[in-house]
Amino acid sequence: MIKYLQVYISAENKQQADTILNSLLNKKLVAGGLLLNAPARFRWKGEVTDMNYYNISVFTTEKHKKSIIEDVKKTSIEEVPMVWFVEFEGNKELLNWIDEVID
């Protein structure tokens, strides 16, 4: 049975988010995604840091998990790129679209 995943990926700015998303799309590792922009606050190197941050939310299947992580590490400018996966169920049309678009 295919496991479908929504993947969240961090990016420091829109240009970086575009670079990461385009790389994943061009390699057919993801079907598509959203660029989400919002303020963020987190601890970094012992200090609380505020910044305007991007999250890329994409759809894929479990078989591409390792390749996505490797690609993000290559394309991200972040010292610690954040990539996390959430398994989901969806309507038939969404799942068929994902199956048709990615290899």
Side-chain angles (χ1 to χ4, degrees):
M1 184 168 164
I2 297 173
K3 288 186 182 179
Y4 295 92
L5 304 173
Q6 184 170 11
V7 187
Y8 295 94
I9 304 162
S10 63
E12 290 186 5
N13 55 51
K14 183 170 186 320
Q15 180 181 2
Q16 183 64 51
D18 285 335
T19 299
I20 293 167
L21 180 54
N22 288 338
S23 179
L24 295 171
L25 285 168
N26 289 335
K27 293 176 181 158
K28 296 185 178 181
L29 296 174
V30 301
L34 308 168
L35 299 179
L36 310 168
N37 179 242
R41 179 175 296 136
F42 49 89
R43 294 198 65 81
W44 182 247
K45 297 187 177 184
E47 296 184 19
V48 175
T49 301
D50 287 300
M51 67 185 300
N52 202 20
Y53 216 73
Y54 279 80
N55 265 320
I56 307 157
S57 172
V58 295
F59 304 101
T60 192
T61 58
E62 186 176 40
K63 75 177 183 176
H64 293 299
K65 196 173 181 178
K66 183 178 176 183
S67 296
I68 289 170
I69 292 170
E70 290 171 359
D71 193 67
V72 170
K73 286 181 179 181
K74 289 177 186 174
T75 57
S76 178
I77 60 173
E78 294 184 297
E79 189 175 333
V80 180
M82 296 180 282
V83 182
W84 66 100
F85 301 85
V86 178
E87 189 175 342
F88 74 92
E89 296 178 12
N91 60 312
K92 181 180 176 181
E93 295 82 4
L94 171 62
L95 302 181
N96 286 342
W97 170 67
I98 294 169
D99 291 336
E100 289 172 11
V101 173
I102 62 176
D103 290 335

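Side-chain contact between Val30 and Leu25 is present, with heavy atoms from C-beta onward closer than 4.5 Å.
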Review point. Can Ile77 and Glu12 be said to form a side-chain contact (heavy atoms from CB on, under 4.5 Å), step by step?
Key: CA-CA 8 Å; Ile77 60 173; Glu12 290 186 5; 4.0 Å; yes
Practice item. Report the C-alpha distance between Tyr4 and Leu94 in whole Å, list the side-chain angles of each, state the deciding distance to 0.1 Å, and finish with yes or no for side-chain contact (heavy atoms from CB on, under 4.5 Å). Key: CA-CA 10 Å; Tyr4 295 92; Leu94 171 62; over 6 Å; no
Point to revise | Full working for side-chain contact (heavy atoms from CB on, under 4.5 Å) between Leu95 and Asn91 | key: CA-CA 6 Å; Leu95 302 181; Asn91 60 312; over 6 Å; no
Exercise for review: Would you sort out whether Met82 and Ile9 count as a side-chain contact (heavy atoms from CB on, under 4.5 Å), showing the intermediate values?
Suggested key: CA-CA 6 Å; Met82 296 180 282; Ile9 304 162; over 6 Å; no
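Here Lys14 contributes atom NZ and Leu35 contributes atom CG; the two are 6.0 Å apart, rounded to the nearest 0.5 Å. A distance of 11.0 Å separates CD1 of Ile102 from CG of Leu24, quoted to the nearest 0.5 Å. Here Thr75 contributes atom OG1 and Asn22 contributes atom CG; the two are 10.0 Å apart, rounded to the nearest 0.5 Å. A distance of 6.0 Å separates CG in Leu5 from CD in Glu62, rounded to the nearest 0.5 Å. Atoms NZ and NZ, from Lys3 and Lys65 in turn, are 8.0 Å apart once rounded to the nearest 0.5 Å. Note that CG of Leu29 and OG1 of Thr60 are 6.5 Å apart. Values are rounded to the nearest 0.5 Å.
The closest side-chain donor-acceptor pair between Gln15 and Asn13, if any, does not fall under 3.5 angstrom. Between the side chains of Ser57 and Gln6, at least one donor-acceptor pair of N or O atoms lies under 3.5 Å. Neither side chain, Asp18 nor Tyr54, offers a donor N or O lying under 3.5 Å from an acceptor on the other.
The nearest pair of heavy atoms linking Pro81 to Ser76 is CB-OG, 3.6 Å. Smallest separation of non-hydrogen atoms from Ile56 and Ala11: CD1-CB, 4.3 Å.
A single hydrophobic cluster is seen to contain both Trp97 and Phe88, as judged by linkage of ILVMFWY side chains at heavy-atom distances under 4.5 Å, directly or through other members. By the criterion of side-chain heavy atoms lying less than 4.5 angstrom apart, applied directly or through intervening Ile, Leu, Val, Met, Phe, Trp or Tyr residues, Val80 is grouped together with Met51 in one hydrophobic cluster. Hydrophobic clustering keeps Val48 apart from Trp44 (ILVMFWY residues linked when any side-chain heavy atoms are closer than 4.5 Å, directly or through intermediates). Both Ile69 and Leu21 sit in one connected hydrophobic cluster of ILVMFWY residues. Membership requires side-chain heavy atoms under 4.5 Å apart, directly or through other members. Under the 4.5 Å side-chain heavy-atom criterion for Ile, Leu, Val, Met, Phe, Trp and Tyr, Val58 and Leu34 are members of distinct hydrophobic clusters.
The pair Glu79-Lys45 meets the salt-bridge criterion, since a charged nitrogen lies less than 4.0 angstrom from a carboxylate oxygen.
Between the Asp71 side chain and the Ser67 main chain, no donor and acceptor come within less than 3.5 Å of each other.
Between Trp84 and Tyr8, the angle of the ring planes stays under 30°, which puts this pair in the parallel group of the 30/60° scheme.
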